> 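Structure incoming, see below.
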Amino acid sequence: MPDFKLVKGTKEYFPPESAALYSLEKTARRIFKIFAYQEARFPILEDSRVFSRGLGKETEIVEKQIYRLYPLEKNICLRPEGTAQAAKNVISHNIYRQKEIMKWFYIGPMFRGERPQKGRLREFSHIGAEFIGAGSYWADAELIKIASLILSESGIKDYSIEINSLGCVKDKQALKNILKEKLSSKKNLLCPNCRQRLQGNTLRILDCKNPGCREIVSSLKINHSYLCTSCRQHFDSLCRALEQLKTPYTINPVLVRGLDYYTQTVFEIKSSKLGAQDAVGAGGRYNNLIQELGGPQIPAAGFALGMERMLMLMPVKKISPAAKVFVAYTSKNVYNYAFEILTLLRQHSISSDIDFLGKSLKAQLKYSQKLGARITVLIGDDEIKQGKIIVKFMKESLQKQINEDELLDTVNNYLEKYA
RNA sequence: GUGGGUGUAGCUCAGCUGGCAGAGCACCUGACUGUGGCUCAGGUUGUCGUGGGUUCAAAUCCCAUCACCCACCCCA
């Protein structure tokens, strides 16, 4: 037999961890519904040009990390993110002509061809939202609020929201020029990567991890002077809106995003408990992406949360029971009957199970407990002759004999009250 | 792509200067012949990552290789 190994950068989830993933999804769906976002489902296979055009020319590495199906299909890849895909769909179906505003959420796998490390997989899952069609700072505020709510409602406490504004295209260029100008004299003090970045992805110098670069960056005293009046107003208003929504935030003037498409608002949700990959979610405004992909100029904003990273921050949940009721039997003579009882319970949507291995009653009880059953229904050879069944309440360690026709009521009453 | 670390039972790991492959947890059985948790007794589980070398003898030393982890990088 071949030695099957887990594919690099993938992760398997078994119970009970897999249940946490599900509850995460449930929480997100609940909150999206409250905020009137509807689910969009896009294919995992996508035209790679959607991403190579949308994500930027300066970020060449992005191109390298795209999972391609080449040579099977020349321009098909496994999607690396949801935003560009959403933007593409707005254009290709002319949806913007039917609706002025599109509020979408999506949950699903994304792929990147990176070397895995803590919090970084090749196949991972995003919970994302896109608000397309409004340039209002209230849209930004709403998105940040939703992201924050999904985290807190999932029981995650250790996170902080950092926001910044890159301004419009002109402002971004102005910021780059300021950096180039101020750093030209200090070029030799920068790390080799940042020296390279001076030519290309200049803004990335701002969040370089190298201590030397950090010191230089902080000595530059970057402020929002590069923002034009309207971008400045947008940012200030967003801050007020977040305060009104009671969403705590901090302004991080050196927060930048790696991708080209961001304009004005950018934000990142960080946690110190994640390791080097400390962002549990990120997003921002992308007013020009749809245009760059060949559509009209439609303002939009969005975010994505990393589900696996969220899972690392979530409190460990109690194992949810695999079955609420377990049917035990005293001898093989009554197994048929026991299975009939099991079927009856299941017909009434009661989560239930039975032994399939011919185990001793003692072992069955043990198994019942392991499953987390609240009730064990005991089918005894002696009792069954008089139409009686034993119902045992596991937690209370109490049991009583009832008539067969009382079973459903007894079980339902108990489960309603205590389980 | 670059660097560091780790690979021994299902899980967490111990195993020194080479000398019979170990512990805890988990799992199974019994004490308790029809009743879970606690206790006690017993039991199952291994290509010591893989390939080669040194040696009378290798989990242990050497070389190679693979995998995973962490970090750089990058960040959706």
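Below, chains carry the letters A, B, ... as their sequence lines are ordered, and counting in each starts from 1. These numbers come from a predicted model, not from an experiment. Keep in mind that the numbers below use all heavy atoms, side chains included, and drop hydrogens, waters and symmetry copies.
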> Report yes if the distance between the aromatic ring centroids of A/Tyr414 and A/Phe393 is under 6.0 Å, otherwise no.
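Between A/Phe393 and A/Tyr414, which both carry aromatic rings, the centre distance is below 6.0 Å.
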> Can you tell me if A/Gln117 touches the phosphate of B/rA71, counting only side-chain N or O atoms and a distance under 4.0 Å to OP1 or OP2?
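For A/Gln117, the contact criterion (side-chain N or O under 4.0 Å from OP1 or OP2 of B/rA71) is met.
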> Please give, in whole Å, the distance from B/rU29 P to A/Lys366 NZ?
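My rounded result for the distance is 7 Å.
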> With both distances under 3.5 Å as the test, what is the Watson-Crick or G-U wobble partner of B/rC72?
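B/rC72 is paired with B/rG1.
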> Specify the separation, in whole Å, of atom CG of A/Asp382 and atom P of B/rU35.
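Distance, rounded to whole Å: 12 Å.
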> Nearest 0.5 Å, please: how far is CG in A/Asp355 from CG in A/Leu365?
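It comes to 11.0 Å.
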> Applying the side chain to side chain contact (heavy atoms under 4.5 Å, CB included) test to A/Leu407, which of A/Val377, A/Ile350, A/Val325, A/Ile375 qualifies?
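In the set A/Val377, A/Ile350, A/Val325, A/Ile375, the residue that makes a side chain to side chain contact (heavy atoms under 4.5 Å, CB included) with A/Leu407 is A/Val377.
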> So, OP1 or OP2 of B/rC73: does either fall under 4.0 Å of a side-chain N or O from A/Arg204?
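Indeed not, no polar side-chain atom of A/Arg204 lies that close.
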> Mind checking the P distance from B/rA9 to B/rG18? Whole angstroms is fine.
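Pairwise P distance, B/rA9 against B/rG18, rounds to 23 Å.
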> Picking from B/rC75, B/rC28, B/rC74, which would you name as closest to the side chain of A/Arg120?
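My answer, after comparing the listed nucleotides, is B/rC74.
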> Out of B/rG34, B/rC73, B/rC72, which nucleotide sits closest to the side chain of A/Thr330?
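Nearest to the side chain of A/Thr330 among the choices is B/rG34.
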> To the nearest angstrom, how far is A/Asn210 atom CG from B/rU2 atom C1'?
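Distance check: A/Asn210 CG to B/rU2 C1' gives 16 Å.
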> In whole angstrom, give me the gap between the P atoms of B/rA14 and B/rG24.
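Rounded to whole Å, the distance is 16 Å.
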> Taking atom P in both B/rG15 and B/rG37, compute the distance separating them and give it to the nearest angstrom.
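Roughly 35 Å separates the two P atoms.
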> B/rC69 and B/rG30: how far apart are their P atoms, nearest whole angstrom?
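Straight-line distance between the two P atoms is 41 Å.
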> Using a cut-off of 4.0 Å on non-hydrogen atoms, how would the nucleic acid contact of A/Gly275 be classed: base, sugar-phosphate, or nothing?
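The residue A/Gly275 makes sugar-phosphate contact but no base contact.
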> How many Å lie between CZ on A/Phe42 and P on B/rA76, as a whole number?
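The distance from CZ of A/Phe42 to P of B/rA76 comes to 19 Å, rounded to the nearest Å.
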> Who does B/rU12 pair with, Watson-Crick or G-U, both distances under 3.5 Å?
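Partner of B/rU12: B/rA23.
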> With rounding to the closest Å, how many angstrom separate the C1' atoms on B/rA26 and B/rC11?
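To the nearest whole Å, 7 Å.
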> Closer to the 5' end of RNA chain B via nearest nucleotide, is it A/Arg197 or A/Arg115?
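Nearest-nucleotide comparison on RNA chain B picks A/Arg115.
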> Rounding to a whole Å, what distance do you find between A/Gln369:CD and B/rC27:C1'?
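Atom-to-atom, A/Gln369 to B/rC27, this comes out as 15 Å.
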> Measuring only the C1' atom in each nucleotide, how far is B/rC28 from B/rA71? A whole number of Å is fine.
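Between the two C1' atoms, the distance is 43 Å.
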> Give A/Met394 one of three labels, base, sugar-phosphate or nothing, depending on what nucleic acid heavy atoms sit under 4.0 Å from its own.
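Counting heavy atoms under 4.0 Å across all strands, the contact made by A/Met394 includes a base.
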> In whole Å, what separates the P atom of B/rC27 from that of B/rC32?
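After rounding to an integer number of Å, I get 22 Å for this pair.
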> In whole angstroms, how far is the P atom of B/rG36 from the CD atom of A/Glu396?
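Answer to the nearest Å: 17 Å.
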> Whole Å only: how far is the NZ atom of A/Lys362 from the P atom of B/rU29?
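Whole-Å distance recorded here is 10 Å.
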> Please tell me if A/Lys359 has a side-chain N or O lying less than 4.0 Å from either OP1 or OP2 of B/rC27.
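No, A/Lys359 has no side-chain N/O under 4.0 Å of OP1/OP2 on B/rC27.
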> Mind checking A/Gln364 for me? I need base, sugar-phosphate or nothing, with any heavy atom below 4.0 Å counting as a touch.
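If one applies the 4.0 Å heavy-atom cut-off, A/Gln364 turns out to touch nothing in the nucleic acid.
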> Regarding A/Lys8, tell me which of base, sugar-phosphate or nothing describes its non-hydrogen contacts under 4.0 Å with the strands shown.
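The answer is sugar-phosphate, as A/Lys8 gets under 4.0 Å only of primed atoms, P, OP1 or OP2.
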> Check whether any side-chain N or O of A/Lys209 sits under 4.0 Å from OP1 or OP2 of B/rC72, and answer yes or no.
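Result: yes.
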> Of the candidate nucleotides B/rC73, B/rU35, B/rA76, which contains the atom at the shortest distance from the side chain of A/Pro80?
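Among B/rC73, B/rU35, B/rA76, the one nearest the side chain of A/Pro80 is B/rA76.
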> If I pick the C1' atom on B/rG46 and the same atom on B/rA21, what distance separates them, to the nearest angstrom?
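Each nucleotide's C1' atom is 8 Å from the other's.
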> When you look at CG of A/Asn223, are more than 12 heavy atoms from neighbouring residues, nucleotides or ligands closer to it than 6.0 Å?
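Yes, because the 6.0 Å sphere around CG of A/Asn223 holds more than 12 heavy atoms from other groups.
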> Would A/Tyr329 and A/Tyr335 count as a close aromatic pair, with their ring centres under 6.0 Å?
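When the ring centroids of A/Tyr329 and A/Tyr335 are compared, they turn out to be within the sub-6.0 Å range.
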> Looking at every strand, decide which applies to A/Tyr262 at a 4.0 Å heavy-atom threshold: base, sugar-phosphate, or nothing.
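The residue A/Tyr262 makes sugar-phosphate contact but no base contact.
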> Is the ring centre of A/His126 less than 6.0 Å from the ring centre of A/Tyr106?
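They do not qualify: ring centres at least 6.0 Å apart.
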> For the NZ atom on A/Lys26, are there more than 12 heavy atoms of other groups (residues, nucleotides or ligands in this structure) within a distance under 6.0 Å?
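No - once you tally the heavy atoms of other residues, nucleotides and ligands closer than 6.0 Å, there are 12 at most.
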> Closest to the A/Glu114 side chain: B/rC74, B/rG36, B/rG34?
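Taking heavy atoms from C-beta onward, the closest nucleotide is B/rC74.
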> Looking at B/rU65, which nucleotide sits across from it as a Watson-Crick or G-U wobble partner, both distances under 3.5 angstrom, or is there none?
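WC or wobble partner is B/rG49.
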> Between A/Phe32 and A/Phe105, is the gap from one ring center to the other below 6.0 Å?
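When the ring centroids of A/Phe32 and A/Phe105 are compared, they turn out to be within the sub-6.0 Å range.
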> Could you check which nucleotide pairs with B/rU39 in any of the strands shown, counting Watson-Crick or G-U wobble with both distances under 3.5 Å?
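Its partner is B/rA31 (Watson-Crick or G-U wobble, both distances under 3.5 Å).
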> Hey, does A/Glu383 reach any base, or is it just sugar-phosphate, or nothing, if we go heavy atoms under 4.0 Å?
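Here A/Glu383 touches the bases of the nucleic acid.
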> Taking only the side-chain heavy atoms of A/Ala276 (C-beta and beyond), determine which of B/rC75, B/rA71, B/rA76 contains the nearest atom.
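Given the options B/rC75, B/rA71, B/rA76, the side chain of A/Ala276 is closest to B/rA71.
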> Let me know the distance between CD of A/Gln277 and C1' of B/rC74, rounded to the nearest Å.
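One finds 8 Å between C1' of B/rC74 and CD of A/Gln277, rounded.
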> Please tell me which of A/Ser397 and A/Arg257 maps to the more 5' nucleotide of RNA chain B, matching each residue to the nucleotide holding its nearest heavy atom.
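On the 5' side of the pair lies A/Ser397.
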